[in-house]
Protein chains: 2
Amino acid sequence: MLTIGTLSRKTGTKVQTIRYYEQIGLMNEAGRTAGGQRRYFEKDLDRLAFIRHSRQLGFSLDSIRELLELSDNPSRSCAEADSIARRQLRQVEQRLKRLQALKKELKRMVAECEGDSVAECKVLEVLRDHSECLTDHDGIGA
Amino acid sequence: MLTIGTLSRKTGTKVQTIRYYEQIGLMNEAGRTAGGQRRYFEKDLDRLAFIRHSRQLGFSLDSIRELLELSDNPSRSCAEADSIARRQLRQVEQRLKRLQALKKELKRMVAECEGDSVAECKVLEVLRDHSECLTDHDGIGA
DNA sequence: GCCTGAACCTCTATTCGCTTTAGCTTATAC
DNA sequence: GTATAAGCTAAAGCGAATAGAGGTTCAGGC
(Lines give C-alpha, C1' and ligand atoms only; values in the text may rest on other atoms or scores of the structure.)
Protein backbone atom coordinates (compact mmCIF):
# COMPACT_ATOMS: atom_id res chain seq x y z
CA MET A 1 0.00 0.00 0.00
CA LEU A 2 1.57 3.21 -1.18
CA THR A 3 0.76 6.69 -0.01
CA ILE A 4 0.30 9.59 -2.35
CA GLY A 5 3.60 10.98 -1.11
CA THR A 6 5.40 7.81 -2.17
CA LEU A 7 3.92 8.04 -5.65
CA SER A 8 4.91 11.66 -5.69
CA ARG A 9 8.53 10.91 -4.83
CA LYS A 10 8.82 7.92 -7.14
CA THR A 11 7.53 9.74 -10.17
CA GLY A 12 8.58 13.30 -9.48
CA THR A 13 4.96 14.42 -9.53
CA LYS A 14 3.59 16.88 -7.04
CA VAL A 15 1.00 15.48 -4.70
CA GLN A 16 -1.54 18.02 -5.88
CA THR A 17 -0.93 17.02 -9.44
CA ILE A 18 -1.73 13.41 -8.65
CA ARG A 19 -4.98 14.47 -7.03
CA TYR A 20 -5.65 16.61 -10.06
CA TYR A 21 -5.14 13.63 -12.37
CA GLU A 22 -7.66 11.71 -10.31
CA GLN A 23 -10.08 14.61 -10.46
CA ILE A 24 -9.99 14.75 -14.25
CA GLY A 25 -10.30 10.98 -14.49
CA LEU A 26 -6.80 10.23 -15.74
CA MET A 27 -5.95 8.26 -12.63
CA ASN A 28 -8.48 5.86 -11.15
CA GLU A 29 -10.05 6.83 -7.88
CA ALA A 30 -7.73 5.60 -5.19
CA GLY A 31 -8.85 3.47 -2.26
CA ARG A 32 -8.97 5.22 1.08
CA THR A 33 -7.99 4.52 4.65
CA ALA A 34 -10.58 4.80 7.40
CA GLY A 35 -9.43 8.38 7.88
CA GLY A 36 -9.87 9.23 4.20
CA GLN A 37 -6.29 9.16 2.96
CA ARG A 38 -5.50 7.70 -0.46
CA ARG A 39 -3.67 4.40 -0.75
CA TYR A 40 -2.27 3.01 -3.98
CA PHE A 41 -1.11 -0.24 -5.57
CA GLU A 42 1.86 -0.82 -7.84
CA LYS A 43 -0.38 -0.64 -10.89
CA ASP A 44 -1.33 2.91 -9.95
CA LEU A 45 2.34 3.79 -9.77
CA ASP A 46 2.85 2.31 -13.24
CA ARG A 47 -0.05 4.29 -14.62
CA LEU A 48 1.24 7.50 -13.13
CA ALA A 49 4.73 6.80 -14.50
CA PHE A 50 3.18 6.26 -17.94
CA ILE A 51 1.35 9.57 -17.67
CA ARG A 52 4.41 11.49 -16.53
CA HIS A 53 6.64 10.00 -19.14
CA SER A 54 4.13 10.89 -21.79
CA ARG A 55 3.84 14.42 -20.44
CA GLN A 56 7.61 14.76 -20.61
CA LEU A 57 7.38 13.82 -24.24
CA GLY A 58 4.92 16.66 -24.64
CA PHE A 59 1.75 14.64 -25.15
CA SER A 60 -1.39 16.50 -24.11
CA LEU A 61 -3.55 15.04 -21.40
CA ASP A 62 -6.12 14.22 -24.05
CA SER A 63 -3.59 12.28 -26.08
CA ILE A 64 -2.49 10.51 -22.94
CA ARG A 65 -6.08 9.58 -22.25
CA GLU A 66 -6.21 7.93 -25.66
CA LEU A 67 -2.89 6.21 -25.17
CA LEU A 68 -3.96 4.88 -21.78
CA GLU A 69 -7.15 3.54 -23.25
CA LEU A 70 -5.19 1.74 -25.94
CA SER A 71 -2.81 0.45 -23.35
CA ASP A 72 -5.73 -0.92 -21.35
CA ASN A 73 -7.06 -2.79 -24.39
CA PRO A 74 -4.22 -4.97 -25.61
CA SER A 75 -6.21 -6.49 -28.42
CA ARG A 76 -6.65 -3.22 -30.33
CA SER A 77 -4.35 -2.30 -33.14
CA CYS A 78 -1.09 -0.59 -32.50
CA ALA A 79 -1.72 1.73 -35.43
CA GLU A 80 -3.65 4.23 -33.36
CA ALA A 81 -0.92 4.62 -30.80
CA ASP A 82 1.51 4.97 -33.63
CA SER A 83 -0.48 7.73 -35.27
CA ILE A 84 -0.79 9.63 -32.00
CA ALA A 85 2.95 9.42 -31.57
CA ARG A 86 3.56 10.53 -35.14
CA ARG A 87 1.25 13.49 -34.71
CA GLN A 88 3.20 14.42 -31.61
CA LEU A 89 6.48 14.10 -33.47
CA ARG A 90 5.24 16.40 -36.20
CA GLN A 91 4.22 18.98 -33.60
CA VAL A 92 7.58 18.80 -31.92
CA GLU A 93 9.35 19.20 -35.22
CA GLN A 94 7.30 22.28 -36.00
CA ARG A 95 8.00 23.84 -32.65
CA LEU A 96 11.67 23.08 -33.13
CA LYS A 97 11.78 24.87 -36.43
CA ARG A 98 10.09 27.87 -34.97
CA LEU A 99 12.37 28.01 -31.96
CA GLN A 100 15.42 27.75 -34.14
CA ALA A 101 14.27 30.80 -36.09
CA LEU A 102 13.66 32.66 -32.83
CA LYS A 103 17.07 31.79 -31.55
CA LYS A 104 18.64 33.14 -34.70
CA GLU A 105 16.84 36.44 -34.45
CA LEU A 106 17.54 36.81 -30.75
CA LYS A 107 21.21 36.09 -31.34
CA ARG A 108 21.37 38.70 -34.04
CA MET A 109 19.68 41.13 -31.70
CA VAL A 110 22.03 40.78 -28.79
CA ALA A 111 25.09 40.49 -31.00
CA GLU A 112 24.46 43.91 -32.42
CA CYS A 113 23.90 45.64 -29.13
CA GLU A 114 26.83 47.76 -28.05
CA GLY A 115 25.49 48.86 -24.70
CA ASP A 116 24.96 52.54 -25.28
CA SER A 117 21.86 54.53 -24.46
CA VAL A 118 18.43 53.22 -25.31
CA ALA A 119 18.19 55.73 -28.12
CA GLU A 120 20.45 53.63 -30.31
CA CYS A 121 19.77 50.26 -28.72
CA LYS A 122 19.72 47.60 -31.36
CA VAL A 123 17.54 45.29 -29.32
CA LEU A 124 14.72 47.79 -29.13
CA GLU A 125 15.31 48.79 -32.71
CA VAL A 126 14.87 45.24 -33.90
CA LEU A 127 11.71 44.87 -31.87
CA ARG A 128 10.35 48.08 -33.31
CA ASP A 129 11.11 47.07 -36.85
CA HIS A 130 8.72 44.41 -37.94
CA SER A 131 9.97 44.12 -41.49
CA GLU A 132 12.64 41.47 -41.10
CA CYS A 133 10.65 39.12 -38.97
CA LEU A 134 8.77 35.91 -39.36
CA THR A 135 5.23 37.19 -39.43
CA ASP A 136 3.03 36.36 -42.31
CA HIS A 137 -0.36 37.55 -41.19
CA ASP A 138 -0.81 39.16 -44.58
CA GLY A 139 0.82 36.20 -46.20
CA ILE A 140 0.43 32.62 -47.16
CA GLY A 141 -0.16 30.64 -44.02
CA ALA A 142 1.01 29.44 -40.67
CA MET B 1 -7.86 57.70 -37.02
CA LEU B 2 -7.64 53.94 -37.07
CA THR B 3 -10.28 51.50 -35.88
CA ILE B 4 -9.49 48.48 -33.78
CA GLY B 5 -10.21 46.33 -36.81
CA THR B 6 -7.54 48.13 -38.81
CA LEU B 7 -4.98 47.57 -36.07
CA SER B 8 -6.08 43.98 -35.96
CA ARG B 9 -5.54 43.47 -39.67
CA LYS B 10 -2.27 45.37 -39.82
CA THR B 11 -0.66 43.45 -36.99
CA GLY B 12 -2.35 40.09 -37.24
CA THR B 13 -3.76 40.47 -33.74
CA LYS B 14 -7.29 39.48 -32.86
CA VAL B 15 -9.53 42.34 -31.87
CA GLN B 16 -10.17 40.77 -28.48
CA THR B 17 -6.47 40.47 -27.90
CA ILE B 18 -5.99 44.20 -28.48
CA ARG B 19 -8.72 44.95 -25.97
CA TYR B 20 -7.08 42.49 -23.62
CA TYR B 21 -3.76 44.33 -23.95
CA GLU B 22 -5.52 47.55 -23.07
CA GLN B 23 -7.17 45.91 -20.10
CA ILE B 24 -3.88 44.72 -18.65
CA GLY B 25 -2.29 48.10 -19.29
CA LEU B 26 0.06 47.07 -22.07
CA MET B 27 -1.67 49.32 -24.59
CA ASN B 28 -2.71 52.81 -23.56
CA GLU B 29 -6.38 53.44 -23.21
CA ALA B 30 -7.63 54.35 -26.64
CA GLY B 31 -9.65 57.44 -27.36
CA ARG B 32 -13.31 56.89 -28.10
CA THR B 33 -15.89 58.10 -30.54
CA ALA B 34 -19.13 59.63 -29.27
CA GLY B 35 -20.62 56.16 -29.54
CA GLY B 36 -17.86 54.55 -27.49
CA GLN B 37 -15.77 52.89 -30.17
CA ARG B 38 -11.97 52.91 -29.90
CA ARG B 39 -9.94 55.06 -32.27
CA TYR B 40 -6.18 54.85 -32.63
CA PHE B 41 -3.19 56.84 -33.89
CA GLU B 42 -0.16 55.59 -35.76
CA LYS B 43 1.82 55.48 -32.53
CA ASP B 44 -0.64 52.97 -31.14
CA LEU B 45 -0.13 50.83 -34.19
CA ASP B 46 3.63 51.01 -33.66
CA ARG B 47 3.28 50.02 -30.05
CA LEU B 48 1.07 47.07 -30.91
CA ALA B 49 3.52 45.98 -33.60
CA PHE B 50 6.31 46.14 -31.04
CA ILE B 51 4.29 44.00 -28.65
CA ARG B 52 3.41 41.43 -31.27
CA HIS B 53 6.90 41.18 -32.60
CA SER B 54 8.18 40.67 -29.08
CA ARG B 55 5.55 38.03 -28.43
CA GLN B 56 6.60 36.21 -31.57
CA LEU B 57 10.11 36.17 -30.18
CA GLY B 58 8.69 34.51 -27.10
CA PHE B 59 9.02 37.40 -24.66
CA SER B 60 6.51 37.24 -21.82
CA LEU B 61 4.07 40.08 -21.41
CA ASP B 62 6.01 41.12 -18.32
CA SER B 63 9.25 41.29 -20.24
CA ILE B 64 7.48 43.27 -22.93
CA ARG B 65 6.25 45.67 -20.32
CA GLU B 66 9.86 46.29 -19.29
CA LEU B 67 11.01 46.63 -22.86
CA LEU B 68 8.26 49.12 -23.63
CA GLU B 69 9.19 51.18 -20.62
CA LEU B 70 12.80 51.28 -21.77
CA SER B 71 11.68 52.15 -25.23
CA ASP B 72 9.65 55.03 -23.82
CA ASN B 73 12.67 56.41 -21.95
CA PRO B 74 15.41 56.85 -24.55
CA SER B 75 17.92 58.22 -22.05
CA ARG B 76 18.18 55.03 -20.03
CA SER B 77 20.94 52.57 -20.64
CA CYS B 78 20.62 49.95 -23.31
CA ALA B 79 22.11 47.38 -20.95
CA GLU B 80 18.77 46.50 -19.43
CA ALA B 81 17.15 45.77 -22.75
CA ASP B 82 20.18 43.75 -23.67
CA SER B 83 19.96 41.66 -20.53
CA ILE B 84 16.26 40.97 -21.04
CA ALA B 85 17.04 39.81 -24.55
CA ARG B 86 19.90 37.63 -23.35
CA ARG B 87 17.71 36.06 -20.70
CA GLN B 88 15.17 35.32 -23.39
CA LEU B 89 17.84 33.83 -25.60
CA ARG B 90 18.96 31.53 -22.80
CA GLN B 91 15.39 30.39 -22.29
CA VAL B 92 14.93 29.69 -25.96
CA GLU B 93 18.17 27.72 -26.05
CA GLN B 94 17.03 25.61 -23.14
CA ARG B 95 13.68 24.88 -24.71
CA LEU B 96 15.46 23.99 -27.92
CA LYS B 97 17.66 21.46 -26.18
CA ARG B 98 14.71 19.91 -24.50
CA LEU B 99 12.70 19.70 -27.70
CA GLN B 100 15.60 18.13 -29.53
CA ALA B 101 15.77 15.40 -26.92
CA LEU B 102 12.02 14.86 -27.21
CA LYS B 103 12.22 14.60 -30.94
CA LYS B 104 14.92 11.98 -30.67
CA GLU B 105 12.91 9.82 -28.33
CA LEU B 106 9.71 10.22 -30.34
CA LYS B 107 11.55 9.24 -33.50
CA ARG B 108 12.94 6.18 -31.85
CA MET B 109 9.46 5.34 -30.67
CA VAL B 110 7.71 5.51 -34.01
CA ALA B 111 10.63 3.96 -35.86
CA GLU B 112 10.33 0.81 -33.81
CA CYS B 113 6.62 0.41 -34.19
CA GLU B 114 5.69 -2.34 -36.57
CA GLY B 115 1.95 -1.92 -36.49
CA ASP B 116 0.88 -5.10 -34.78
CA SER B 117 -1.51 -5.39 -31.87
CA VAL B 118 -1.25 -3.13 -28.89
CA ALA B 119 0.13 -6.00 -26.87
CA GLU B 120 3.51 -5.63 -28.50
CA CYS B 121 3.26 -1.98 -29.47
CA LYS B 122 6.63 -0.33 -29.12
CA VAL B 123 5.16 3.10 -28.65
CA LEU B 124 3.22 2.06 -25.60
CA GLU B 125 6.14 0.00 -24.39
CA VAL B 126 8.44 2.98 -24.48
CA LEU B 127 5.90 5.07 -22.63
CA ARG B 128 5.53 2.38 -20.02
CA ASP B 129 9.23 2.02 -19.52
CA HIS B 130 10.57 5.00 -17.71
CA SER B 131 14.15 3.82 -17.44
CA GLU B 132 15.57 5.28 -20.62
CA CYS B 133 14.02 8.68 -20.36
CA LEU B 134 15.09 12.17 -19.48
CA THR B 135 13.69 12.46 -15.98
CA ASP B 136 15.92 13.37 -13.14
CA HIS B 137 13.50 13.85 -10.30
CA ASP B 138 15.83 11.81 -8.09
CA GLY B 139 18.78 13.54 -9.63
CA ILE B 140 20.67 16.78 -9.75
CA GLY B 141 18.37 19.45 -11.07
CA ALA B 142 16.04 20.82 -13.67
C1' DG C 1 -34.35 60.11 -42.76
C1' DC C 2 -34.18 55.23 -42.65
C1' DC C 3 -32.36 50.55 -43.36
C1' DT C 4 -28.96 47.08 -43.53
C1' DG C 5 -24.98 44.72 -42.28
C1' DA C 6 -20.43 44.86 -40.82
C1' DA C 7 -17.92 46.15 -37.20
C1' DC C 8 -17.89 47.46 -32.74
C1' DC C 9 -19.05 47.22 -27.51
C1' DT C 10 -19.03 44.85 -22.54
C1' DC C 11 -19.04 41.05 -19.68
C1' DT C 12 -18.34 36.50 -18.57
C1' DA C 13 -16.60 31.94 -19.19
C1' DT C 14 -13.30 28.77 -21.06
C1' DT C 15 -8.86 26.82 -22.44
C1' DC C 16 -4.40 23.92 -20.60
C1' DG C 17 -1.95 21.94 -17.05
C1' DC C 18 -1.17 22.57 -13.34
C1' DT C 19 0.08 25.46 -8.70
C1' DT C 20 -1.13 27.91 -4.66
C1' DT C 21 -3.63 29.08 -0.68
C1' DA C 22 -6.41 28.54 3.37
C1' DG C 23 -7.98 26.00 6.80
C1' DC C 24 -8.38 21.63 8.46
C1' DT C 25 -7.59 16.30 9.77
C1' DT C 26 -4.96 11.91 10.05
C1' DA C 27 -1.05 8.95 10.67
C1' DT C 28 3.19 7.94 12.81
C1' DA C 29 7.18 8.08 15.76
C1' DC C 30 8.73 8.99 20.17
C1' DG D 1 0.06 12.01 24.78
C1' DT D 2 1.93 15.01 21.83
C1' DA D 3 4.58 16.80 18.14
C1' DT D 4 4.90 17.02 13.42
C1' DA D 5 4.89 15.33 8.93
C1' DA D 6 1.86 14.21 5.72
C1' DG D 7 -2.54 14.10 4.26
C1' DC D 8 -7.38 16.19 3.09
C1' DT D 9 -11.01 19.53 0.41
C1' DA D 10 -12.45 23.40 -2.03
C1' DA D 11 -11.60 27.28 -4.44
C1' DA D 12 -8.77 30.61 -6.69
C1' DG D 13 -4.86 31.90 -9.57
C1' DC D 14 -1.41 31.65 -13.40
C1' DG D 15 -0.24 33.15 -18.54
C1' DA D 16 -1.96 34.56 -22.61
C1' DA D 17 -5.21 34.71 -24.76
C1' DT D 18 -9.89 32.86 -27.10
C1' DA D 19 -14.85 32.33 -27.50
C1' DG D 20 -19.56 33.40 -26.85
C1' DA D 21 -23.74 35.93 -25.63
C1' DG D 22 -26.21 39.67 -26.35
C1' DG D 23 -26.42 44.26 -27.39
C1' DT D 24 -24.85 48.98 -29.91
C1' DT D 25 -22.75 51.99 -33.46
C1' DC D 26 -21.12 53.27 -37.87
C1' DA D 27 -20.98 53.92 -42.96
C1' DG D 28 -23.16 53.46 -47.16
C1' DG D 29 -26.97 53.32 -50.15
C1' DC D 30 -31.75 54.50 -51.12
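The sequence lines fix the lettering, A, B, ..., with proteins before strands; numbering per chain opens at 1. Any value given below was found using the heavy atoms of this structure, including those in side chains, with hydrogens, waters and symmetry copies removed.
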Whole-Å distance separating the [atom1] atom of [X] from the [atom2] atom of [N]:
X	N	atom1	atom2	value
Arg19(B)	dT18(D)	CZ	C1'	12 Å
Gln56(B)	dA16(D)	CD	C1'	14 Å
Glu22(B)	dA17(D)	CD	C1'	16 Å
Arg55(B)	dA16(D)	CZ	C1'	6 Å
Leu7(B)	dA7(C)	CG	P	15 Å
Ile18(A)	dG7(D)	CD1	P	9 Å
Phe59(B)	dG15(D)	CZ	P	18 Å
Lys14(B)	dC8(C)	NZ	C1'	17 Å

Heavy atoms only, 4.0 Å cut-off, all strands: where does Ile24(A) land among base, sugar-phosphate and nothing?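 No contact at all - Ile24(A) keeps every heavy atom at 4.0 Å or more from the nucleic acid.
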
For a quick test of reading the model: is some side-chain N or O of [X] closer than 4.0 Å to OP1 or OP2 of [N]?
X	N	value
Arg38(B)	dC8(C)	no
Tyr21(B)	dA16(D)	no
Thr3(A)	dA6(D)	no

Output the single nucleotide from [options] whose closest atom is nearest the side chain of [X].
X	options	result
Gln16(A)	dA27(C), dT20(C), dC26(D)	dT20(C)
Arg32(B)	dC8(D), dA17(D), dC9(C)	dC9(C)
Thr33(A)	dC8(D), dA27(C), dC9(C)	dA27(C)
Tyr20(A)	dG7(D), dT25(D), dC18(C)	dC18(C)
Arg39(B)	dA27(D), dC9(C), dT18(D)	dA27(D)
Gln37(B)	dA17(D), dC8(D), dT25(D)	dT25(D)

Does this structure show an ion pair linking Arg19(A) with Glu22(A), if we count only N-O contacts that are shorter than 4.0 Å?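 No, Arg19(A) and Glu22(A) are not salt-bridged.
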
Quick test of your reading of the model: are Arg90(A) and Glu93(A) salt-bridged, counting only N-O distances below 4.0 Å? no

Of Tyr40(B) and Gly36(A), the one whose nearest nucleotide on DNA chain C sits closer to the 5' end is Tyr40(B)

Which residue in the set Lys107(B), Arg108(B), Lys103(B) passes salt bridge (Lys or Arg N to Asp or Glu O under 4.0 Å) when paired with Glu105(B)?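 Considering Lys107(B), Arg108(B), Lys103(B), a salt bridge (Lys or Arg N to Asp or Glu O under 4.0 Å) with Glu105(B) is found only for Arg108(B).
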
Is it true that Arg47(B) and Tyr40(B) share a donor-acceptor pair across their side chains at a distance under 3.5 Å?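 Distance-only check fails for Tyr40(B) and Arg47(B).
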
Considering heavy-atom distances to DNA chain D, does Ile4(A) or Leu61(B) have its closest nucleotide positioned more toward the 5' end? Ile4(A)

Is there a path of hydrophobic side-chain contacts, each under 4.5 Å between heavy atoms, that joins Ile24(A) and Ile64(A)? yes

